[in-house]
Structures are given as C-alpha cells and as structure tokens.
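What follows is a single structure, written as structure tokens, with notes after it.
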Amino acid sequence: MILTVTPNPSLDRTYEIPALERGAVLRAAADRVDPGGKGVNVSRAVAAAGHRTVAVLPLGGPEGALLARLLGDLGIEAAGVPVQGSTRINISVAEPDGTLTKINAAGPELTAAEAEALLEAVRTQSADADWIACCGSLPRGLAPEWYAELVARAHRAGARIALDTSGPSLTAALRERPDVVKPNAEELAQAVGRPLATVGDAVKAAEELRALGARAVLASLGADGQLLVDETGAYFGAAPVAAVRSNVGAGDASLAGFLAAGGLGPAALASAVAHGAAAVQLPGSVMPTPADLDPSAVTTTADVPLDRALTEPA
Ligand SMILES: O=P(O)(O)OC[C@@]1(O)O[C@H](CO)[C@@H](O)[C@@H]1O
C-alpha cells in the first residue's frame with residue numbers, strides 16, 4: 001500500500017480559453033474540476049496503476065467535502081482530518097497552444113492541534129504502508145520543520161518516505177534522511193543555491209542533496225528526462241513526447257510510477273519516466289492509466305549524458 005500525505009490539498013479547476021487577455025472578461029470554452037494537491041495526485045496515479053493507496057489530507061468547508069466526494073468517486077480511500085478553514089481552489093487557465101497559467105491559493109491556516117492531528121492520522125494509517133509519499137507545499141500554520149518531524153516519526157515506525165517539497169521544508173527534512181526526494185530542476189537549483197545548465201550540473205546538485213541526508217534523489221528535468229542518483233550511482237531516463245498538453249501533475253505521476261514499481265533503482269526510474277511522459281500528453285492533471293503508458297519508448301542508462309545542456313536551464 002502507498003500512503004500519501006498532502007498537507008495543502010486543492011480542488012484544481014481548469015478553464016480552457018482561446019487566449020489569455022489581461023483585463024478582459026474571458027469566456028471559457030470548457031472547464032473541469034479535479035481533486036488536487038501533489039500527494040492526492042500521487043494517490044490518483046497509484047490507484048490508476050491498480051495499487052492500493054490511502055490519502056491523508058486535511059479537509060475543510062464545502063470545498064473539502066467536494067474533494068472527499070471526488071476522491072470517493074475515483075475509489076480512493078481518504079483519511080481526512082477535519083479542519084476549520086476551507087480547502088483551497090487552485091486555478092489553471094489553459095490556452096490552445098499549450099500555454100498554462102496557474103494560480104495556487106494559500107489554503108487554510110491550520111491550528112497547532114490540526115497540524116498534530118495530521119501527523120497522528122499518518123501514524124494510524126501507516127501500519128501496512130510500503131511507502132509514505134509526502135508531497136506539496138505546507139499550508140500556513142505548519143512550521144517548515146513539519147515534514148522533518150513526519151519523516152522522523154515515520155522512520156521510527158519503520159516506514160520508507162518519499163518527499164516532494166521545496167525550499168526550507170525540503171532543506172529541514174534532509175537531515176532526517178528521507179528515502180527519496182523528488183525535486184524538479186528549478187527546486188534542485190534552489191536547494192543548492194546555484195543555476196543548473198547541464199545534466200551534469202543536476203547530477204552534482206543531486207549528489208549534494210544526498211550528502212545532506214537524502215538517500216536517493218529522483219529529479220525531473222522537464223523535457224530533458226529524469227535522473228536517479230542513489231548509493232549505487234547515477235541513472236538517466238528519457239522518453240519521446242509527441243505533444244505536451246499539460247504538465248500539471250506530471251511530476252506527481254512520475255513519483256507514483258517510481259513508487260508503484262518498488263521505488264528503487266533503474267527499473268523504478270523507467271516507470272517514473274513512462275508515467276511522466278504519459279501524463280504530459282493528457283489534459284489538465286489527468287493521471288495516466290496503464291493503457292496510456294508506453295514503456296517500450298523509455299530508455300534508461302547509467303551512462304549519464306553529463307555534458308548535455310538542459311533545454312530549460314534552471
Ligand atoms: O501549492 P503546491 O502544494 O506546491 O502545489 C499544488 C498543485 O499545483 O500541485 C499539483 C500539481 O503537481 C496540483 O494538483 C496542485 O494544484
């Protein structure tokens with residue numbers, strides 16, 4: 001079972017419009033609402049892959065009730081922690097040329113008791129978890145050390161932790177030795193405090209995160225592929241993508257693919273790449289099902305192309 005923790009979940013509302021025009025009243029050609037937040041997306045992709053998952057998340061207000069219902073419709077078990085504030089709504093505005101503008105709300109402020117209740121919910125749900133995936137930004141009221149505390153408690157209980165966050169909450173959690181961290185290129189650059197121009201720069205940065213405590217680093221480099229750096233070495237994986245429709249949630253699909261394939265080594269990296277490549281070709285934050293995957297298109301190698309320039313330097 002893969003347990004996910006999303007401290008700041010969302011309803012993800014996507015509007016499709018012909019063109020984004022500042023200051024105008026725009027009419028949407030289509031709109032949809034998906035259950036969101038990074039850990040929620042990992043649960044959606046893990047469930048789509050046919051594995052059992054439980055999503056731990058705070059839920060508040062009518063938005064929280066709708067999020068719980070949408071998860072129920074997908075057959076995803078939610079361990080909701082009731083909170084006073086309302087679950088946030090995040091907005092994506094999608095244009096036909098693939099440009100996507102996203103506005104993420106701050107979300108509710110959690111009280112100290114709610115922050116503790118969330119940690120307690122993770123504890124009670126984690127008994128048969130193969131992995132605990134802790135994902136996304138922290139809502140107001142949760143200290144940057146909240147993930148560090150979660151990793152420490154989960155390790156004491158014998159669970160393996162995957163962490164997808166950035167900034168101070170990532171830095172603070174590294175000292176508790178998360179089993180895998182999943183930064184994108186920008187988050188990796190931010191964590192080491194310098195720009196990344198090549199795949200080799202990303203490998204060096206990932207090694208630095210390992211030196212700071214991460215046992216493995218799964219880094220998504222956008223169109224350039226993905227990297228896995230662990231105690232056995234560095235591996236690079238890529239897959240061709242015909243056309244990008246939406247990269248919202250693609251990193252979450254990758255992490256789900258990685259964990260669903262065991263969460264270790266090049267085979268799990270290949271699954272991460274297959275899931276990421278499939279996700280960017282689907283609309284909104286739709287998570288891929290096995291039918292969307294093309295594992296035969298994925299290449300992985302220990303011969304990492306260190307000198308290759310990143311198409312989107314971070
Ligand atoms: O504000 P955060 O927690 O960093 O990110 C939240 C979010 O952008 O991440 C997911 C995509 O990865 C979306 O479902 C959601 O709206």
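Indexing begins at 1, ligand by ligand and atom by atom, following the structure's order.
Every pair passing salt bridge (charged side-chain N to carboxylate O under 4.0 Å, His left out) that includes a residue from residues 7-23 is listed here, sequence neighbours excluded: Arg13-Asp31.
Residue Val248 is found in a hydrophobic cluster whose other members, listed by chain and number, are Leu100; membership requires side-chain heavy atoms under 4.5 Å apart, directly or through intermediates. Under a 4.5 Å side-chain heavy-atom cut-off, the cluster of Ile, Leu, Val, Met, Phe, Trp and Tyr residues that includes Leu66 is completed by Leu11, Tyr15, Ile17, Leu20, Leu26, Val33, Val40, Leu57, Leu59, Leu67, Leu70, Leu71, Leu74, Ile76, Ile89, Ile91, Val93, Ile103.
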Dump all N/O pairs between ligand 1 and the protein below 3.5 Å as a table: atom names plus distance, one pair per row.
{"unit_1": "ligand 1", "atom_1": "1 (O)", "unit_2": "Arg88", "atom_2": "NH1", "d": "3.1"}
{"unit_1": "ligand 1", "atom_1": "1 (O)", "unit_2": "Arg88", "atom_2": "NH2", "d": "3.3"}
{"unit_1": "ligand 1", "atom_1": "1 (O)", "unit_2": "Asn104", "atom_2": "ND2", "d": "3.2"}
{"unit_1": "ligand 1", "atom_1": "1 (O)", "unit_2": "Ser137", "atom_2": "OG", "d": "3.2"}
{"unit_1": "ligand 1", "atom_1": "3 (O)", "unit_2": "Arg88", "atom_2": "NH2", "d": "3.1"}
{"unit_1": "ligand 1", "atom_1": "3 (O)", "unit_2": "Ser137", "atom_2": "N", "d": "2.9"}
{"unit_1": "ligand 1", "atom_1": "3 (O)", "unit_2": "Ser137", "atom_2": "OG", "d": "2.8"}
{"unit_1": "ligand 1", "atom_1": "5 (O)", "unit_2": "Lys38", "atom_2": "NZ", "d": "3.4"}
{"unit_1": "ligand 1", "atom_1": "8 (O)", "unit_2": "Lys102", "atom_2": "NZ", "d": "2.9"}
{"unit_1": "ligand 1", "atom_1": "8 (O)", "unit_2": "Asn104", "atom_2": "ND2", "d": "3.0"}
{"unit_1": "ligand 1", "atom_1": "9 (O)", "unit_2": "Lys38", "atom_2": "NZ", "d": "3.0"}
{"unit_1": "ligand 1", "atom_1": "12 (O)", "unit_2": "Lys38", "atom_2": "NZ", "d": "3.0"}
{"unit_1": "ligand 1", "atom_1": "12 (O)", "unit_2": "Asp252", "atom_2": "OD2", "d": "2.7"}
{"unit_1": "ligand 1", "atom_1": "14 (O)", "unit_2": "Asp12", "atom_2": "OD2", "d": "2.4"}
{"unit_1": "ligand 1", "atom_1": "14 (O)", "unit_2": "Gly37", "atom_2": "N", "d": "3.0"}
{"unit_1": "ligand 1", "atom_1": "14 (O)", "unit_2": "Asn41", "atom_2": "ND2", "d": "2.9"}
{"unit_1": "ligand 1", "atom_1": "16 (O)", "unit_2": "Asp12", "atom_2": "OD1", "d": "2.8"}
{"unit_1": "ligand 1", "atom_1": "16 (O)", "unit_2": "Asp12", "atom_2": "OD2", "d": "3.4"}
{"unit_1": "ligand 1", "atom_1": "16 (O)", "unit_2": "Asn90", "atom_2": "ND2", "d": "2.9"}
{"unit_1": "ligand 1", "atom_1": "16 (O)", "unit_2": "Lys102", "atom_2": "NZ", "d": "2.7"}

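Under a 4.0 Å N-O distance rule, the pair Glu207/Arg210 does not qualify as a salt bridge. Glu208 has a carboxylate O that lies under 4.0 Å from a charged side-chain N of Arg194, or vice versa, which qualifies the two as a salt bridge.
With 3.5 Å as the limit, one finds no donor-acceptor pair spanning the side chains of Arg44 and Thr53.
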